[in-house]
Undergrad: 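The following block contains the structure, expressed as structure tokens.
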Protein chains: 2
Amino acid sequence: MRAEALKGHLDGLLLAALEDGPRHGYAVKEALRDTTDGRLDLPTGTVYPALHRLEQAGLISGSWSVVGGRRRRTYELTEDGRRSLAGARDHWQEFATAISTALGGTPWPATS
Amino acid sequence: MRAEALKGHLDGLLLAALEDGPRHGYAVKEALRDTTDGRLDLPTGTVYPALHRLEQAGLISGSWSVVGGRRRRTYELTEDGRRSLAGARDHWQEFATAISTALGGTPWPATS
DNA sequence: CTCCATACGTCGCGTCGCTATATATAGCGA
DNA sequence: TCGCTATATATAGCGACGCGACGTATGGAG
């Protein structure tokens with residue numbers, strides 16, 4: 001699936017991927033891919049800058065480490081990050097409900 | 001609700017608003033506002049350019065008329081438009097399912 | 001006569017996801 | 001030994017597009 005329509009929803013996804021414990025960037029990318037059965041396979045050029053933004057915003061905190069000769073930047077949620085994630089979930093529910101209503105067709109959700 | 005996160009979903013909404021019959025731009029804006037209880041109140045700077053794009057793309061066709069001294073551009077769906085609307089609905093279902101899955105929290109939809 | 005709703009339009013800004021490209025290591029098969 | 005792939009990170013520049021701000025014009029209510 002094309003992920004171009006993510007505008008404004010990406011941050012929440014990344015935060016959600018970090019909810020059950022610290023992960024490094026590549027692992028976040030994989031987590032999203034796996035939990036959605038490969039439907040959400042984000043390019044690295046999307047993931048890394050977004051993580052930088054989140055860290056800059058204080059929603060996650062990162063630290064360098066080296067595992068198996070490869071450098072990793074491991075991120076974990078901050079308190080602000082958890083709050084922001086909760087907000088993102090609320091916002092998504094509202095958004096999805098509004099769009100689904102306006103879009104019509106099959107009511108909500110795809111019960112077919 | 002803030003409609004900034006519409007990126008890529010707007011076209012489908014406009015097409016859906018034209019599904020049950022021809023409407024002019026302002027009426028499309030009102031239709032979306034009304035069917036969502038005011039949650040989706042798009043600014044004119046969003047609606048009109050988008051309608052122009054859709055007409056340019058051949059998904060809707062417009063014609064001028066004058067009603068009550070005011071000029072109106074009335075649009076209706078083309079065949080391509082109907083196909084595109086169906087596609088937009090499919091795409092939305094896929095997208096919403098993927099995001100909801102990855103975002104986690106309350107599963108899907110807000111049954112609470 | 002003023003104000004608001006109706007009705008259309010466009011310019012320019014800002015955001016942000018994506019493509020392309022670069023670097024570096026580990027491991028596997030030829 | 002020589003690629004090739006997966007792992008792991010990074011950034012520059014592009015392109016798309018929704019939105020704010022503004023401009024024009026009419027009709028009706030107060």
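Proteins come first, then strands; the chains are lettered A, B, ... in the order of their sequence lines, and each starts at number 1.
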Undergrad: When you measure from the side chain of A:K7, which nucleotide among D:dG15, C:dG9, D:dC19 comes out closest?
TA: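 Nearest to the side chain of A:K7 among the choices is D:dG15.
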
Undergrad: Going by the angle between their ring planes, with limits at 30° and 60°, are A:H24 and A:Y26 parallel, tilted or perpendicular?
TA: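 Aromatic pair A:H24/A:Y26 classed parallel.
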
Undergrad: For a quick test of reading the model: is some side-chain N or O of B:T44 closer than 4.0 Å to OP1 or OP2 of C:dC8?
TA: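 Looking at the OP1 and OP2 atoms of C:dC8, neither is under 4.0 Å from any side-chain N or O of B:T44.
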
Undergrad: Closest to the A:R70 side chain: D:dC17, C:dC18, C:dA26?
TA: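 When the side chain of A:R70 is considered, C:dA26 is the closest of D:dC17, C:dC18, C:dA26.
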
Undergrad: Rounding to a whole Å, what distance do you find between B:D41:CG and C:dT6:C1'?
TA: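 Rounded to the whole Å, the gap is 14 Å.
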
Undergrad: Any strand is fair game: report the nucleotide pairing with C:dA30 by Watson-Crick or G-U wobble, both distances under 3.5 Å, or none.
TA: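 Per the H-bond distance test, D:dT1.
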
Undergrad: Can you check the B:L13 CG to D:dC19 P distance for me, whole Å?
TA: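 So the CG-P distance, B:L13 to D:dC19, works out to 11 Å.
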
Undergrad: Side-chain N or O of A:R53 less than 4.0 angstrom from OP1 or OP2 on C:dG17?
TA: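 So the side-chain polar atoms of A:R53 do come within 4.0 Å of the phosphate oxygens OP1 or OP2 of C:dG17, strictly under.
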
Undergrad: Scan every strand shown for a Watson-Crick or G-U wobble partner of C:dC3, both distances under 3.5 Å, and answer none if you come up empty.
TA: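 Pairing partner: D:dG28.
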
Undergrad: Quick check: on DNA chain D, is the nucleotide nearest B:G69 upstream (toward 5') of the one nearest A:P49, or the reverse? Name the residue that is more 5'.
TA: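 Mapping each residue to its closest nucleotide by heavy atoms, the 5'-most match is A:P49.
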
Undergrad: Specify the separation, in whole Å, of atom NE2 of A:H52 and atom C1' of D:dT11.
TA: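 Distance, rounded to whole Å: 8 Å.
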
Undergrad: How long is the line joining NE2 of B:H9 and C1' of D:dC19, in whole Å?
TA: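 Rounded to the whole Å, the gap is 17 Å.
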
Undergrad: If you pin A:G68 and A:A50 to their nearest nucleotides in DNA chain C, which one's is more 5'?
TA: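 Going by which nucleotide is closer to the 5' end, it is A:A50.
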
Undergrad: Answer yes or no: is there a side-chain heavy-atom contact under 4.5 Å between A:W92 and B:I99?
TA: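 Yes, their side chains come closer than 4.5 Å.
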
Undergrad: Provide, to the nearest angstrom, the distance between the CD atom belonging to B:Q56 and the C1' atom belonging to C:dG9.
TA: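 Going from B:Q56 (CD) to C:dG9 (C1'), I get 15 Å.
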
Undergrad: Is there a side-chain contact between A:D41 and A:T36 in this structure, where contact means two heavy atoms from C-beta onward sitting under 4.5 Å apart?
TA: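 Result no, sub-4.5 Å side-chain heavy-atom pair not found.
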
Undergrad: So which of B:T78, B:L10, B:I60 actually passes side-chain contact (heavy atoms from CB on, under 4.5 Å) with B:L15?
TA: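 Single side-chain contact (heavy atoms from CB on, under 4.5 Å) partner of B:L15 among B:T78, B:L10, B:I60: B:I60.
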
Undergrad: Once the angle between the rings of A:H9 and A:F95 is folded into 0 to 90°, is it parallel (under 30°), tilted (30 to 60°) or perpendicular (over 60°)?
TA: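 Rings of A:H9 and A:F95: tilted, as their planes differ by 30° to 60°.
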
Undergrad: In this structure, how many angstroms lie between the P atom of D:dT7 and the NZ atom of A:K29, rounded?
TA: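 Distance check: A:K29 NZ to D:dT7 P gives 9 Å.
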
Undergrad: If the cut-off is 4.0 Å, is A:Y48 near the phosphate of D:dA10, judged by side-chain N/O to OP1 or OP2?
TA: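 No.
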
Undergrad: Would you kindly compare B:Y26 and A:T46 by the position of their nearest DNA chain C nucleotide and give the one closer to the 5′ end?
TA: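 The 5'-side residue here is B:Y26.
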
Undergrad: Rounding to an integer number of Å, can you tell me how far A:R72 CZ sits from C:dA26 P?
TA: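 It works out to 13 Å between those atoms.
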
Undergrad: Grab the CG-C1' distance between B:D11 and D:dC17 for me, whole Å please.
TA: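 Rounding to the nearest Å, CG of B:D11 and C1' of D:dC17 are 10 Å apart.
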
Undergrad: What nucleotide among D:dT9, C:dT19, D:dC19 has an atom nearest to a side-chain atom of A:P43?
TA: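 Nearest nucleotide to the side chain: C:dT19.
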
Undergrad: Mind checking if A:G45 touches a base, just sugar-phosphate, or nothing, with heavy atoms under 4.0 Å?
TA: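 A:G45: base contact, heavy atoms under 4.0 Å.
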
